[in-house]
J.: 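Got a structure for you, questions after.
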Amino acid sequence: VTLIDRAGHHLFQPLLYQCATGILSEGQIAMSLRNLLKRHRNIECVMAEVVDFDVTGRRVIARRNDGLTVEFPYDHLIAAAGVRQSYFGHDEFAEHAPGMKTITDALVIRRKVFGAFEMAELANDAARRGRWLTFVCVGAGPTGVELAGQIRELATHTIEHEFGHISPEDARVILFDGGDRPLASFGKKLSGKAAATLDDLGVEFHSHSHVVDVDDRGVEVRKREATSRYEAGTVLWTAGVKAPEMAGVLAKATGAQQDKAGRILVEADCTIRGHPDISVVGDMMALNDLPGVAEVAMQSGAFAARRIRHQIDGRGKPADAFKFRDFGSAAYIARYKAVVSFWRFGLSGFLAWVVWLFIHISFLTGFRNWFSATLTWLVSFSRGIRKERPFTIRDPQTTKDPYSDPRPIPQEGSKEED
Ligand SMILES: Cc1cc2nc3c(=O)[nH]c(=O)nc-3n(C[C@H](O)[C@H](O)[C@H](O)COP(=O)(O)OP(=O)(O)OC[C@H]3O[C@@H](n4cnc5c(N)ncnc54)[C@H](O)[C@@H]3O)c2cc1C
């Protein structure tokens with residue numbers, strides 16, 4: 001089994017916002033694939049970016065970080081490259097409004113959020129101070145709600161006594177959404193509870209509000225016919241998703257159809273029509289309007305693996321069609337406050353928070369991460385302490401491949417890029 005991943009680690013995305021807001025470290029929510037799979041001697045981990053597919057010759061073409069292009073032959077292929085942030089045709093917004101999909105995103109957000117308080121402390125006029133203390137979150141799905149709640153909570157429960165010239169409690173956190181309520185996918189009742197909790201925290205929720213422009217000083221928002229400007233030192237984007245470039249490349253190579261977000265439409269058994277040797281699973285797969293959530297990813301991945309194993313050694317015949325078992329969903333809003341929806345039941349408040357805690361503890365990858373995150377949460381939730389606050393100031397200004405050799409040596413089965 002060859003596992004090709006450009007990041008080289010497994011990331012538990014549901015806790016990215018805790019890394020961004022200083023509760024957990026990146027090492028507590030992610031784990032090196034090599035370390036994770038070290039007991040499986042028949043798995044080879046390759047850190048490289050898949051850039052093309054030769055489906056006739058059954059080869060995956062990947063680009064390594066030293067610039068070399070390498071080809072991997074396959075008998076069966078599973079594509080599971082997830083999704084990325086969508087700016088709805090305005091990719092230029094990304095420069096000022098980071099999304100939240102990777103560890104890099106979380107660390108950029110950490111720098112922006114904690115750096116904004118530092119800049120507010122140094123500001124010598126009220127307008128600048130006000131801008132630095134204004135945080136805009138775009139999109140009131142689970143990630144936007146979690147981020148907005150966490151920024152208010154750290155301003156009021158963690159750093160409230162640490163500054164000499166500002167009151168962090170004055171931080172204005174504005175959450176914009178084009179719909180009429182936050183956490184709309186949780187249903188009217190739980191969404192109403194979430195709105196009330198956000199209100200208690202001091203988050204300003206603006207419904208029917210579309211962010212139509214973003215620059216380094218704030219956003220422009222259209223609400224019905226009127227357009228307003230909001231000055232903000234920090235803008236965070238969690239409004240939409242689209243499939244990665246790899247989905248387009250695979251669709252072109254196989255003739256597969258893509259949905260509006262670029263996800264690949266698959267047959268009931270998660271394979272691409274006319275290509276029974278290629279499965280697409282997880283967020284990148286479009287099947288029966290299934291949501292882009294971890295349970296769908298894990299179950300479809302396991303289904304594809306069982307299918308392939310059965311073809312190889314006849315063991316454990318899987319069902320003809322992938323059937324998703326929905327175990328519900330949970331969203332954290334603030335300390336001791338969450339919402340959980342399961343089948344026709346809904347929970348909110350402290351009990352929901354306990355369920356949220358249990359779910360997230362049980363799905364963290366690796367015993368060390370599980371143990372240290374649990375200890376960190378005990379301290380953080382009871383005392384409001386956030387230890388993971390350091391951030392890097394700026395990124396190295398280089399476009400060069402990080403490990404490029406001035407004279408790379410071509411290898412067998414490899415060809416140098418033009
Ligand atoms: C902030 C956030 C919060 C979330 N919260 C929840 C939640 O509370 N509950 C829930 O159920 N779900 C949640 N989700 C969704 C859940 O994380 C995803 O559904 C799940 O991770 C999808 O798994 P996947 O394997 O399809 O994709 P991913 O987990 O995104 O994995 C894709 C992998 O592909 C690699 N990759 C991408 N392109 C290439 C390429 N060209 N070459 C090589 N490698 C490549 C990436 O490095 C990555 O490791 C959340 C997601 C985010 C971003």
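Both counts, for ligands and for their atoms, begin at 1 and track the order of listing.
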J.: Which atoms of ligand 1 sit under 4.0 Å from any heavy atom of G282?
T.: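 Answer, ordered by atom number: 26 (O).
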
J.: When you look for heavy atoms under 4.0 Å from ligand 1, do you find them on the side chain of T143, its backbone, both, or neither?
T.: side chain

J.: Would you check whether G292 reaches within less than 4.0 Å of ligand 1, judged by its heavy atoms?
T.: yes

J.: Determine the sole option in I78, T271, V266 for which the side chain to side chain contact (heavy atoms under 4.5 Å, CB included) test with V280 is passed.
T.: V266

J.: Report yes if some N/O of A294 lies less than 3.5 Å from some N/O of ligand 1; otherwise report no.
T.: yes

J.: So which heavy atom in the protein is nearest atom 37 (C) of ligand 1, and how far is it from that ligand atom?
T.: A81 O, 3.4 Å

J.: Got a sec, which pairs hit ring-ring contact (aromatic ring centres under 6.0 Å, His included) with one end in residues 82-113, sequence neighbours left out?
T.: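 Matches after skipping sequence neighbours: Y87-W237, H90-F93, F93-W237.
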
J.: Heavy atoms only: which of A106, A62, A48, A80 is nearest to atom 25 (O) of ligand 1?
T.: A80

J.: Quick check: does V50 get an N/O under 3.5 Å from an N/O on ligand 1?
T.: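 Yes: some nitrogen or oxygen of V50 is under 3.5 Å from one in ligand 1.
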
J.: Does K193, at its NZ atom, have more than 12 non-hydrogen atoms belonging to other residues, nucleotides or ligands within less than 6.0 Å?
T.: no

J.: To which protein heavy atom is atom 23 (O) of ligand 1 closest, and what is the distance rounded to 0.1 Å?
T.: A297 CB, 3.4 Å

J.: Decide whether the shortest distance between a heavy atom of K101 and an atom of ligand 1 is less than 4.0 Å.
T.: yes

J.: Taking the six-membered ring for Trp and the full ring for Phe, Tyr or His, determine whether the centres of F324 and F303 are under 6.0 Å apart.
T.: no

J.: Look at the rings of F176 and Y230 and say which category their plane angle falls in: under 30° parallel, 30 to 60° tilted, over 60° perpendicular.
T.: perpendicular

J.: List ligand 1 atoms under 4.0 Å from M100, heavy atoms only on the residue side.
T.: 1 (C), 53 (C)

J.: Nearest protein heavy atom to atom 8 (O) of ligand 1, by residue and atom, and its distance?
T.: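 Result: P14 CB, 3.7 Å.
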
J.: From atom 22 (C) of ligand 1, work out which of V296, D283, L3, L16 has a heavy atom at the shortest distance.
T.: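 Minimum heavy-atom distance to atom 22 (C) of ligand 1 goes to D283.
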
J.: Parallel, tilted or perpendicular: which describes the rings of W356 and F381, with under 30° parallel and over 60° perpendicular?
T.: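 If you compare the ring of W356 with that of F381, the planes turn out perpendicular.
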
J.: I would like to know whether S209 and R222 meet side chain to side chain contact (heavy atoms under 4.5 Å, CB included); could you show each step before the answer?
T.: CA-CA 6 Å; S209 299; R222 202 182 59 233; over 6 Å; no

J.: Considering only heavy atoms of G82, which atoms of ligand 1 have at least one such atom less than 4.0 Å away?
T.: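 Answer, ordered by atom number: 26 (O), 27 (O), 30 (O), 32 (C).
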
J.: Is there a nitrogen or oxygen of D5 sitting under 3.5 Å from a nitrogen or oxygen of ligand 1?
T.: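 Min N/O separation from ligand 1 is below 3.5 Å for D5.
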
J.: Look at atom 51 (C) of ligand 1 and find which of E295, H9, Q13, R6 reaches it with the closest heavy atom.
T.: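 Ranked by closest heavy atom to atom 51 (C) of ligand 1, first place is Q13.
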
J.: Looking only at heavy atoms, what is the nearest atom pair of E146 and P14, with distance?
T.: OE1-O, 4.4 Å

J.: Which atoms of ligand 1 are found less than 4.0 Å from any heavy atom of A7?
T.: 47 (O)

J.: Sequence neighbours excluded, which residues qualify as side-chain contact (heavy atoms from CB on, under 4.5 Å) partners of D313?
T.: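 Expected list: R309, R315.
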
J.: Specify the closest pair of heavy atoms between D177 and A140, including all atoms of both residues, with the distance to one decimal.
T.: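 Answer, listing the atom of D177 first, then A140: OD2-N, 2.6 Å.
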
